[in-house]
Amino acid sequence: MRVPALPLLGLLLLTTPSLADEEFCRIPEAGSWVNPAAQTRQIRRIEITSACIDGQVTAQMRAFTHCAPRDCKWGWTEAFRQADGRLFARFEGFFSAREIIIVRMGERIEALVTIDPHDPKEPNAFHSAIMIRE
């Protein structure tokens, strides 16, 4: 039995994600970013991924602080696009929450990091870092 090639090709094109779909799902900030000048307890590396789920672009972020003998992981969390176009992620921890706002700057990003201790007696901390693609 011979199957016409044109309908088969059409079915294949409908079921295979296109390059345009993949590009739509990839946000400009996606990738691995590094701060080569990070001092201890400052943001050292950020990884950002994006995907399409049910027709919506979603993003996740993982952050690392410069620690010794190896960098400290903050784990993965969901990232959200703010109204001003910046990417925002909040990492909940036992002693504090950490928030990162990503500002695109051409081929670099700026990571604005706020540390919000759960103890009201402790002050918030802030630092920023210019990061390059790894």
Side-chain angles (χ1 to χ4, degrees):
M1 181 170 105
R2 298 182 82 185
V3 178
L6 194 54
L8 191 57
L9 179 62
L11 181 62
L12 181 64
L13 291 175
L14 288 175
T15 59
T16 305
S18 70
L19 183 59
D21 291 338
E22 290 177 26
E23 287 299 314
F24 172 75
C25 297
R26 183 176 169 82
I27 62 173
E29 298 90 348
S32 294
W33 301 87
V34 66
N35 172 13
Q39 296 179 5
T40 303
R41 301 181 72 191
Q42 287 186 338
I43 198 75
R44 169 91 171 145
R45 194 167 86 232
I46 293 176
E47 296 173 359
I48 301 170
T49 63
S50 62
C52 283
I53 299 175
D54 296 329
Q56 296 290 320
V57 178
T58 63
Q60 288 193 326
M61 186 184 303
R62 177 164 69 165
F64 298 80
T65 311
H66 184 68
C67 296
R70 62 184 173 272
D71 290 346
C72 301
K73 293 182 207 174
W74 294 4
W76 287 99
T77 193
E78 201 164 353
F80 303 93
R81 180 77 61 202
Q82 296 180 320
D84 62 5
R86 297 174 174 187
L87 200 61
F88 171 84
R90 182 175 173 90
F91 298 84
E92 291 292 341
F94 187 73
F95 295 107
S96 64
R98 294 175 173 94
E99 297 178 351
I100 298 178
I101 295 175
I102 301 295
V103 181
R104 285 188 299 179
M105 301 171 46
E107 295 299 312
R108 302 177 299 168
I109 61 170
E110 182 176 21
L112 309 173
V113 182
T114 302
I115 301 170
D116 181 18
H118 296 311
D119 183 351
K121 297 175 189 166
E122 293 290 323
N124 286 1
F126 174 83
H127 70 273
S128 65
I130 304 297
M131 305 185 83
I132 57 174
R133 283 199 189 269
E134 193 170 40

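Because the structure is predicted, anything quoted here is derived from the model rather than measured. We're numbering straight along the sequence, starting at 1.
- The closest side-chain heavy-atom distance from I115 to N124 is not below 4.5 Å.
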Could you walk me through whether E29 and R81 pass the salt bridge (charged side-chain N to carboxylate O under 4.0 Å, His left out) test, one step at a time? CA-CA 11 Å; E29 298 90 348; R81 180 77 61 202; 2.7 Å; yes
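- In terms of modelled atom types and a separation under 3.5 Å, the side chain of R104 and the main chain of R108 share no donor-acceptor contact.
- I27 and F80 are not part of a single hydrophobic cluster, where members link through side-chain heavy atoms under 4.5 Å apart.
- A continuous path of Ile, Leu, Val, Met, Phe, Trp and Tyr side chains, each step under 4.5 Å between heavy atoms, connects M61 with V57, placing both in one hydrophobic cluster.
- Taking CG of N35 as the start and CD of E134 as the end, the distance is 11.5 Å to the nearest 0.5 Å.
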Is there a side chain to side chain contact (heavy atoms under 4.5 Å, CB included) between I132 and E107? Walk through the geometry before answering. CA-CA 7 Å; I132 57 174; E107 295 299 312; over 6 Å; no
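- No cation-pi contact links R44 to F64, judged by a cut-off of 6.0 Å to the six-membered ring centre and 45° from its axis.
- Note that R62 lies outside the cation-pi zone of W74, set by a 6.0 Å cut-off to the ring centre and a 45° limit from the axis.
- Environment of CD in Q39: sparse, with no more than 12 heavy atoms of neighbouring residues, nucleotides or ligands closer than 6.0 Å.
- Atom CZ of R86 is separated from atom CD1 of I100 by 14.0 Å, given to the nearest 0.5 angstrom.
- Remark: T40 OG1 to H66 NE2 distance equals 4.5 Å, nearest 0.5 Å.
- Listed for the S128 side chain is no donor-acceptor partner under 3.5 Å among the backbone atoms of A111.
- The heavy-atom pair separating P117 from S96 by the smallest distance is CA-CB, 3.5 Å.
- Within the 4.5 Å cutoff, the side chain of T49 has heavy atoms near those of the W76 side chain.
- Heavy-atom minimum distance, C67 versus R70: CB-O, 3.2 Å.
- In this structure, the side chains of I130 and M105 come closer than 4.5 Å at one or more pairs of heavy atoms.
- One hydrophobic cluster, built from ILVMFWY side chains closer than 4.5 Å, cannot hold both F91 and F88; they sit in different ones.
- Counting only heavy atoms from C-beta outward, the side chains of D71 and T65 never approach each other to under 4.5 Å.
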Evaluate the side chain to side chain contact (heavy atoms under 4.5 Å, CB included) criterion for residues L112 and F126: first the C-alpha distance (whole Å), next the side-chain angles of each, then the deciding distance (0.1 Å), finally the verdict. CA-CA 8 Å; L112 309 173; F126 174 83; 3.9 Å; yes
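- Connection of I101 to I48 is not established within any shared hydrophobic cluster, with ILVMFWY side chains joined at heavy-atom distances below 4.5 Å, either directly or through further cluster members.
- Checking E92, E122, R90 one by one against D116, the side chain to side chain contact (heavy atoms under 4.5 Å, CB included) holds for a single residue, R90.
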Verify salt bridge (charged side-chain N to carboxylate O under 4.0 Å, His left out) between E47 and R45, making sure each step is shown before the conclusion. CA-CA 7 Å; E47 296 173 359; R45 194 167 86 232; 3.3 Å; yes
